[in-house]
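Structure first, commentary second.
Keep in mind that what you see is a predicted model, and the values were worked out from it rather than measured.
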Number of protein chains: 2
Amino acid sequence: MYVIQVVGLKNSGKTTFINQWIRALTVKGLQTATIKHHGHGGDPDLLTNKDSYKHYQAGASITTVIGENQLFMTAEQDKLSFDKILNFYQSLGTDYVFVEGFKKWPLPKIVLVRDSQEDFVNQLENVQLISDGELKSAMHKVEANLDIFTWHEEGGW
Amino acid sequence: MYVIQVVGLKNSGKTTFINQWIRALTVKGLQTATIKHHGHGGDPDLLTNKDSYKHYQAGASITTVIGENQLFMTAEQDKLSFDKILNFYQSLGTDYVFVEGFKKWPLPKIVLVRDSQEDFVNQLENVQLISDGELKSAMHKVEANLDIFTWHEEGGW
């Protein structure tokens, strides 16, 4: 399973870039997954009128709602380390994980820049590629260096 | 980890019953989790204006959004068997899992009945207790028979 972090300042095109990549991999029959942070601070204000939210309010650490095609899970964040999420993703047969944002995390990362943003880039650890958002060259670079992006169970690259 | 299924006809008080139980266990310092189905057919119509939904639309099988306190995960249902959900719950240190509904599943179950509902009860497999919703006696019965409700990794009871 490969883990590719994509960071960039606001409106640098992270979501679009990742979505194009997901589409390209999906066409190849590969299974992708994503991790991102909630954009505006706080928590997603979802489910507040649902039974699963009542379970959460009562004290449940994790709730899952199973729909016809989709399954929704909520968990207390401190129960779920990044490694545990990745372990779980791997157990489900995921090929590629895209992590959007969390720029302080030392994951092997691609930085999207529009103009010269040296100050931003210099704050980051483990930058593998600085990209202007052109997908093809980014994919090529990653595919030529998959070992850098390979995540090994029990954590670590 | 113990798995307790609670079934009953509509408005039999399943959510209230489970929530009381969750509160009682939380007070004891135990970690609980829940699984329920989406009530009205289809899928929860959440997140449709969010980036994580865009990831899903692009083809991502699983998305996670990390908020300040809560984490929100969506997955294609066919990627995630019940055993995989339980494995995941166990890896997070869950003590008790409450499964609300899914009455056809052969889990060790408690049936909530208001009146005589023999026809309903007779359709069910693995009924361990028929309850009128009085929590204390249900908890007592389960705690005296925890082996029946113990879930073993790799599936099965």
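- Annotation: the span from A:M73 atom CE to B:I85 atom CD1 amounts to 5.5 Å, rounded to 0.5 Å.
- A:I22 touches chain B through backbone and side chain together, each having a heavy atom under 4.5 Å away.
- Of the inter-residue distances, the one linking A:L92 atom CG with B:F88 atom CZ reads 8.5 Å to the nearest 0.5 angstrom.
- Interface remark: A:T94 contributes side-chain atoms only to the contact with chain B (heavy atom separation under 4.5 Å).
- The candidate from B:G59, B:S81, B:A75 with the greatest count of non-hydrogen atom pairs under 4.5 Å with chain A is B:A75.
- Partners of A:F102 according to the ring-ring contact (aromatic ring centres under 6.0 Å, His included) rule, which considers only residues two or more places apart in sequence or in another chain, are A:H37, A:W105.
- With values rounded to the nearest 0.5 angstrom, A:I35 atom CD1 is found 8.5 Å from B:L71 atom CG.
- Under a hydrophobic clustering in which Ile, Leu, Val, Met, Phe, Trp and Tyr are joined whenever their side-chain heavy atoms come within less than 4.5 Å, directly or via other members, B:M139 and B:L112 fall into the same cluster.
- Take B:F98 and apply the ring-ring contact (aromatic ring centres under 6.0 Å, His included) test, not counting sequence neighbours, and it matches B:W21.
- One finds the OG atom of B:S91 at 11.5 Å from the CG atom of A:D83 (value rounded to the nearest 0.5 Å).
- Within 6.0 Å of NZ in A:K103 there are 12 or fewer heavy atoms belonging to other residues, nucleotides or ligands.
- Considering every non-hydrogen atom in both B:Y89 and A:I62, the closest pair reads CE1-CG2, 3.6 Å.
- Here B:L80 is the residue among B:T26, B:L80, B:I18 with the most heavy-atom pairs under 4.5 Å with chain A.
- For the pair A:A33 and B:A60, the tightest heavy-atom approach, listed with the atom from each and the gap, is CA-CB, 4.4 Å.
- Residues A:V99 and A:V127 do not share a hydrophobic cluster, defined by chaining ILVMFWY side chains whose heavy atoms lie under 4.5 Å apart.
- Put simply, A:L129 and A:V111 are part of two different groups of oily side chains (I, L, V, M, F, W, Y) that touch within less than 4.5 Å, one to the next.
- Taking hydrophobic clusters as Ile, Leu, Val, Met, Phe, Trp and Tyr residues chained together by side-chain heavy-atom distances below 4.5 Å, B:V121 does not share a cluster with B:V6.
- Using a 4.5 Å cut-off on side-chain heavy atoms (C-beta onward), B:T64 and A:K36 make no contact.
- In the hydrophobic cluster analysis, where Ile, Leu, Val, Met, Phe, Trp and Tyr join through side-chain heavy atoms closer than 4.5 angstrom, A:Y2 is grouped together with A:L135.
- Both the backbone and the side chain of A:T32 come within contact range of chain B, each with at least one heavy atom under 4.5 Å from a heavy atom of that chain.
- Of all non-hydrogen atoms in B:A58 and A:N19, the two that sit nearest each other are CB-O, 3.7 Å.
- Here the straight-line distance linking atom NZ of A:K54 with atom CD of B:E100 works out to 9.5 Å at 0.5 Å rounding.
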